[in-house]
Amino acid sequence: MQIQSIKTKIVRTVGVAGAGTGTGNKRAAEQSCLSLLEACDALAKFVQLQARILKLGLQNNPLVLTKFAAVSSDLDAVDYASSFVFSSDADYRLYDAFLFNTVIRAYAQTGDLKEKALALYNAMVGYGVSPNKFTYPFVLKACAGLGRLSLGQTVHGSAVKFGFDDDAHVRNTMIHMYCCCGGGVEYARSLFDEMPKRDSVSWSAMIGGYVRLGLSTEAVELFRKMQIAGARPDEITMVSVLSACTDLGALELGKWVESYIEREGIQKNVELCNALIDMFAKCGDVEKAMKLFRNMSRKTIVSWTSVTVGLAMHGRGSEAVSLFEEMIRNGTAPDNVAFIGLLSACSHSGLVEKGKGYFSSMTKEYQIVPKIEHYGCMVDMLCRAGLVNEAMAFVRKMSIEPNPVILRTLVSACRAHGELKLGESISKSLISNEPMHESNYVLLSNIYAKMSLWEKKTKIRQIMDKKGMRKTPGSTMIELNNEIYEFVAGDKSLKQYKEVYEMVDEIAREMKRAGYVPSTTEVLLDIDEEDKEDALNRHSEKLAIAFALLYTPPGTPIRIVKNLRVCSDCHSATKFISRIYSREIVVRDRNRFHLFKDGLCSCKDFW
DNA sequence: CTAGGGTTAG
């Protein structure tokens, strides 16, 4: 069919090119070679062409090389072109910005060849070839991908020198670059603010930059400014805004964004739908996420994975498993990310045998080489099930070295299941490898607490103080009347703090009457015991719940978002509160959801 | 020949 006709065209062109050499007519040969390359686009087969270019002596011809690099996503062709640019007999006076741009673009777009793009840029500058306005976006994108701030700044300087820094594309990519390189956001923001005219790409670059850095509040704020400025967001802007909502766990805001998308008639492409699904699932409304998913006309592996992960987070492991099976029946092959979602679903729901089965089918049937994340899921799964020895054996058998994440999982399982000596020794090696990682110390300190070695425990605290390390304070977020409130333990910054503290005390009395016993013995992963003893009742979570009980209508569900894992005392207290005050309480943890209802939690105390 | 976006273990 079409391929056939292209082949014919090529054969015919090759004939002409050959004729060109025969008569010694370089010009004709060049022309023929160019049309030949044009025709080759669809076939992407360059091997014969390489030979022909050499035979015709066109390897140094910039037009031919440019074309060669441009016609295909085939990196072999690009490598071939760049090899001539770098070859010792290269006549760089022949090469222009266009040739470099073409090759740089190809490298900048790939996952791991961005270094080559930068090398070509350096070569270009070294040859004295002036970049043009197309060069900068390519190069800056590569700098962004690699986090190369200082090179990015040099490139910026060059753009200024040649007068291209006011070009909208260049400026937007510059913002993107500064956002992607550590320490550059503020500068990006100043570039953004100084722009005389901002288009939707500028706004998206800046908002997306904030989101990537975890500055979701700033992202949302900037989106508000965008509306005030009257700029029209597109679907790409909205993806970033939604992912800010996801990060914050701000369901109300997310819902508002959804209605905004509808109202403004922003095109809901697959990526935007995926972002919506992810937002609803991670903000606590899996049902809605499922509904959106079911209504999507075209689904990608990302859509399937997002719902699977969503179900997993809500402890609905067996549904996640069926969805995964449905995906396969539908003809979508799982990739390594889909398996991470699936395995973590098994892990969170205690489906140990299923998880083991999938892990082996992943490697055998799908030939996916397990990554550290897959091993991590397996270790976590075994540890949660209390199979610490099996987990240890599994880690020894792994084909990759366990990373600190896996070792910390083991340590906390050791603590929970009484393997204290083992936990202590792993913990110590963790500390010597990562002396500035706070949770390594907290884990060891918790082990000493369990061993009743109070002096050693105190000593750890002193070491941390000496190193100037501070634990991440626990905080809890809640949305109320379009406001986001954030509580930290012992917080008194809120206007109504007196009422809230009175309410906390009242709740404590009611809970005691109902049989609640404060538990200061069980400590979870990142939480230090002393803080619990100090202020169990002042935990940010309890403050937020008290606030919600005070200021939301009776009977309405309460949704809160924690930045750490919920501690076991708060967990049992929240169960009591849900029953005493007849409220559904949805808590989003650092890694999953808890739905408290009638004195029980959806996680079945397994988390 | 140019820019901004989506799923990932604890």
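Here is the naming used below: chain letters follow the sequence lines, and residue numbers restart at 1 for every chain.
- Electrostatic pairing of A:Glu326 and A:Arg294 counts as a salt bridge here, judged by a charged N lying under 4.0 Å from a carboxylate O.
- Taking atom CG of A:Leu382 as the reference point, atom C1' of B:dA9 lies 13 Å away to the nearest angstrom.
- Between B:dG4, B:dT2, B:dT8, one nucleotide has an atom nearer to the side chain of A:Val309 than all others, and that is B:dT8.
- For A:Lys141, counting side-chain heavy atoms from C-beta on, the closest listed nucleotide (B:dT2, B:dA3, B:dG6) is B:dA3.
- No engagement by A:Thr308 is indicated, since no non-hydrogen atom pair under 4.0 Å with the nucleic acid exists.
- Under 4.0 Å is where a charged nitrogen must lie from a carboxylate oxygen, and between A:Lys116 and A:Asp79 at least one such pair does.
- Phosphate contact (OP1/OP2 of B:dG4, side-chain N/O of A:His176, threshold under 4.0 Å): present.
- Close placement of the A:His156 and A:Tyr178 rings is indicated, their centers lying within 6.0 Å of each other.
- Checking B:dT7, B:dC1, B:dG5 against the side-chain heavy atoms of A:Glu271 singles out B:dG5 as nearest.
- For the pair A:Asn591 CG and B:dA9 C1', the computed distance is 10 Å after rounding to whole Å.
- Remark: aromatic rings of A:Phe84 and A:Tyr80 are close, center separation under 6.0 Å.
- As judged by a 4.0 angstrom heavy-atom cut-off over every strand, A:Asp335 is placed among residues making no nucleic acid contact.
- Between the P atom of B:dA9 and the CE atom of A:Met398 lies a distance of 16 Å, rounded to the nearest Å.
- Base contact: A:Thr237 has a heavy atom under 4.0 Å from a base atom.
- With hydrogens and angles ignored, no donor-acceptor pair under 3.5 angstrom links the side chain of A:Asn336 to the base of B:dA9.
- Residue A:Ser204 is in base contact, counting any heavy-atom pair closer than 4.0 Å across all strands shown.
- Salt bridge annotation for A:Asp193-A:Arg189: present, with a cationic side-chain nitrogen under 4.0 angstrom from a carboxylate oxygen.
- In terms of phosphate contacts, A:Lys282 brings a side-chain nitrogen or oxygen within less than 4.0 Å of OP1 or OP2 of B:dT8.
- Counting non-hydrogen atoms under 4.0 angstrom, A:Arg384 reaches the backbone sugars and phosphates but no base.
- Judged by distance alone with a 3.5 Å cut-off, a donor-acceptor contact links the side chain of A:Thr300 to the base of B:dG6.
- Note: CD1 (A:Ile372) to C1' (B:dA9) measures 9 Å, nearest angstrom.
- Among the protein residues, A:Lys371 comes within range of no part of the nucleic acid, since none of its heavy atoms lies under 4.0 Å from any strand.
- Here A:Asp380 lies in heavy-atom contact (under 4.0 Å) with sugar-phosphate atoms only.
- One atom, CE of A:Met381, and another, C1' of B:dA9, lie 12 Å apart when rounded to the nearest Å.
- Counting non-hydrogen atoms under 4.0 angstrom, A:Asn269 reaches a base of the nucleic acid.
- Out of B:dT2, B:dG5, B:dA9, the shortest distance to the side chain of A:Lys133 is found at B:dT2.
- Among the nucleotides B:dA3, B:dG6, B:dA9, the one closest to any side-chain atom of A:Asn403 is B:dA9.
- Computed from coordinates, the A:Tyr358 OH to B:dT8 C1' distance equals 18 Å when rounded to whole Å.
- No engagement by A:Asp589 is indicated, since no non-hydrogen atom pair under 4.0 Å with the nucleic acid exists.
- For the OP1/OP2 pair of B:dG5 and a distance below 4.0 Å, the side-chain nitrogens and oxygens of A:Arg212 include at least one atom meeting the criterion.
- In this structure, the separation between CG on A:Leu343 and CE on A:Met378 is 6.5 Å, given to the nearest 0.5 Å.
- Per the geometry, CZ belonging to A:Phe138 stands 10 Å off P belonging to B:dC1, to the nearest Å.
- Atoms NE2 (A:His169) and C1' (B:dT2) sit 6 Å apart, rounded to a whole Å.
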